[in-house]
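Encoded as structure tokens, the structure appears first; notes follow it.
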Amino acid sequence: MEMILAGLMDSISPNSLMFLLLGVAIGVLIGAIPGINGPMAIALFIPITYYMAPLTAIGFLVGLNKGAFFGGAVSAVLLRTPGTPEAAATSWDGYPLTQQGKGEKALRMALYSSVAGDLLSTIVLIVIAAPLAAVALFMGPSEIFALISLALTVIAGIGTTSICRGLVAAAFGIIVGLIGTEPVTALPRLTFDVYQLGSGLSLIPVAIGLLAFSEILVQLERFAGKGAAQHSAHTFSSKPEDRFVSFREFFSNFKTLLRSSLIGIGVGAMPGLGAPVASFMSYDQAMKRSKHKEEFGKGRLEGIAASESANSSVVASSLIPLLVLGIPGNLAAAMLMGAFMIHGMQPGPLLFKENAQLMYGIYGSLVLASLFLLVIGRFGLRFFCKAVDIPAMILYPIVIFTCLMGAYLGKSSMFDVGVMLTFGFIGYFMRKFDYSYVAFLIGFILAPEWERALQQVVIISENNPTMFFQRPVAMILMALTLFVIIRTFYTGIRSGKKQKSA
């Protein structure tokens, strides 16, 4: 009980509250700008957290992520250009409401739905994370190796139409993650006599390059092709019923909110699926179960409630595999894993035992972030709507400068700036040729733990490859990994034959 109270008190300290509030506000603003999302924001701001206390840093980054999820709805509703991929379903009913002069009402419904889904997901995380971590403590290196292998296989399908390309990207990420000194023999590996590579590549420049700089290159290419940026619709009705969401309207969608939040929690807890899957799945279920199916896509609040509550509930639930198993379930969780490691903590079951007070402080920050999102969104809607009007020629140079400074600040090294630029162009071509930069980045982050587990298995078993067959859980996980790979290749071969026959 003392640990719980101490952690909660830490979460309400003035410093923690200030940065948490700032994180949520910046997150909403960033999410409202098309082309910039939560993981990109976390990558850009991680260097700033070097000088913060661990709880303050994690709270700030979690606030960024939560704010960005709602911020994506702003441009989705006003421009029909989702600021984040998971807000795409929100635009289907949000933008028609904007055309009717009810854009503010649509944004309020998106806000209330986001807060409701996020708060419910946070409660589930608090209730089940610690018990699951206690069970995970019984997992040995064989199970950890097998689990990471399964996670990488499942995650390989994120951000690409081909899991084969995803597996290639994940394998490339593992190879890049193994650059540096080999932990057992202490010999340099893949360094090519470049002394800066002796300690391996840093997460921050790699992440900033892949997420932020490559996205800016893509956006600049699109901007140059279009020649002009799209602008939002500024016509807002002054009628109260067109501006505000009444209690009756909100609670008439309560079943949809609850169902969509539970879908989002389930999807977020499974590594590899992500918020867009939760959003589209919930929208589909809401439309199928609604008595007014014909109104979906024409400006129905129920559609907004389904999409926003689902994608926001993924934020906290995606931390379950990260905190319990040390495996990031999505890109934002991968960035948060990097932040934990920067501050000397390894996500996983031991985190609850070694840093119990910090964990309860994080729980308190998660709840407070949801409340801050409600307050900031409620009073700052009109201000955040202006974010979509920032001219691209002003916005992009600022983001590029932030990328350069973020890469430099980590080690005050121009080599890291070069790494960031290199991976920016690598990320650009990965996007162009449909290779999953998400799978690459998660493979890069998990590579050291994956290798460590494999080496422990080899050492403990004295080079006996049958070690995995002596551990039932590891054997099941490896069988699932093999099944996913075989099934994917079989499906790809069948679809290829169908296309040829057609």
Check your understanding: Is there side-chain contact between I265 and L125, with at least one heavy-atom pair below 4.5 Å?
Key -> no
Check your understanding: Between Y360 and Y363, what is the ring plane arrangement, given parallel below 30°, perpendicular above 60°, and tilted in between?
Key -> perpendicular
Study note, to complete from the structure: dist D10:CG -> I362:CD1 (nearest 0.5 Å) comes out at 11.0 Å
Review point. Does a side chain donor of either S313 or S261 reach within less than 3.5 Å of an acceptor in the other side chain?
Key: no
Practice item. Determine whether V367 and I126 make a side-chain contact, defined as any pair of heavy atoms from C-beta on separated by less than 4.5 Å. Key: yes
Practice item. Examine distances only and state if a side-chain atom of S318 and a backbone atom of V315 form a donor-acceptor pair shorter than 3.5 Å. Key: yes
Check your understanding: Counting only heavy atoms not in M18, do more than 12 fall under 6.0 Å of its CE?
Key -> yes
Exercise for review: Determine whether more than 12 heavy atoms belonging to other residues, nucleotides or ligands lie under 6.0 Å from atom CZ of F372.
Suggested key: yes
**Study point:** L120 vs L258 side-chain heavy atoms within contact, under 4.5 Å
**Key:** yes
**Study point:** Residue pair L20 / S365: nearest heavy atoms and the distance that separates them
**Key:** CD2-O, 3.5 Å
Practice item. Evaluate the side-chain proximity of K105 to L301: yes if any heavy-atom separation is below 4.5 Å, no if none is. Key: yes
Exercise for review: Please examine the side chains of R431 and S214, heavy atoms only from C-beta on, and report whether any two atoms are closer than 4.5 Å.
Suggested key: yes
Review point. For K432, what residues pass the side-chain contact (heavy atoms from CB on, under 4.5 Å) criterion, not counting sequence neighbours?
Key: E221, Y428
Check your understanding: Looking at CD of E249 and CD of E302, how far apart are the two atoms once the value is rounded to the nearest 0.5 Å?
Key -> 12.5 Å
Review point. Quick one: OG on S114 to CG on L374, what's the gap to the nearest 0.5 Å?
Key: 10.5 Å
Practice item. Output the distance between atom CG (L55) and atom CE (M359), rounded to the nearest 0.5 Å. Key: 10.5 Å
Revision key, fill the gap. What one should report as the nearest heavy-atom pair of S11 and S16 is O-CB, 3.7 Å
Review point. Does any non-hydrogen side-chain atom of H343 lie less than 4.5 Å from one of T49?
Key: yes
Point to revise | Nearest heavy atoms of M52 and A57, plus distance in Å | key: SD-CA, 3.8 Å
**Study point:** Flag side-chain contact, heavy atom, 4.5 Å: F70 against I376
**Key:** no
**Study point:** Note, L97 side chain near M109 side chain (heavy atom, < 4.5 Å)
**Key:** no
Review point. Between R259 and A286, which heavy-atom pair has the shortest distance, and what is it?
Key: NH2-CA, 3.6 Å
Check your understanding: At what distance, to the nearest 0.5 angstrom, does CZ of F213 lie from CG of L404?
Key -> 6.5 Å
Check your understanding: How many angstroms lie between atom OG of S121 and atom CD1 of I320, to the nearest 0.5 angstrom?
Key -> 6.5 Å
Donor-acceptor list for residues 59-67 side chains, cut-off 3.5 Å, not counting sequence neighbours:
residue, atom, partner, partner atom, Å
K66, NZ, D118, OD1, 3.3
K66, NZ, D118, OD2, 3.0
K66, NZ, T122, OG1, 3.3
K66, NZ, L366, O, 2.7
K66, NZ, S370, OG, 3.2

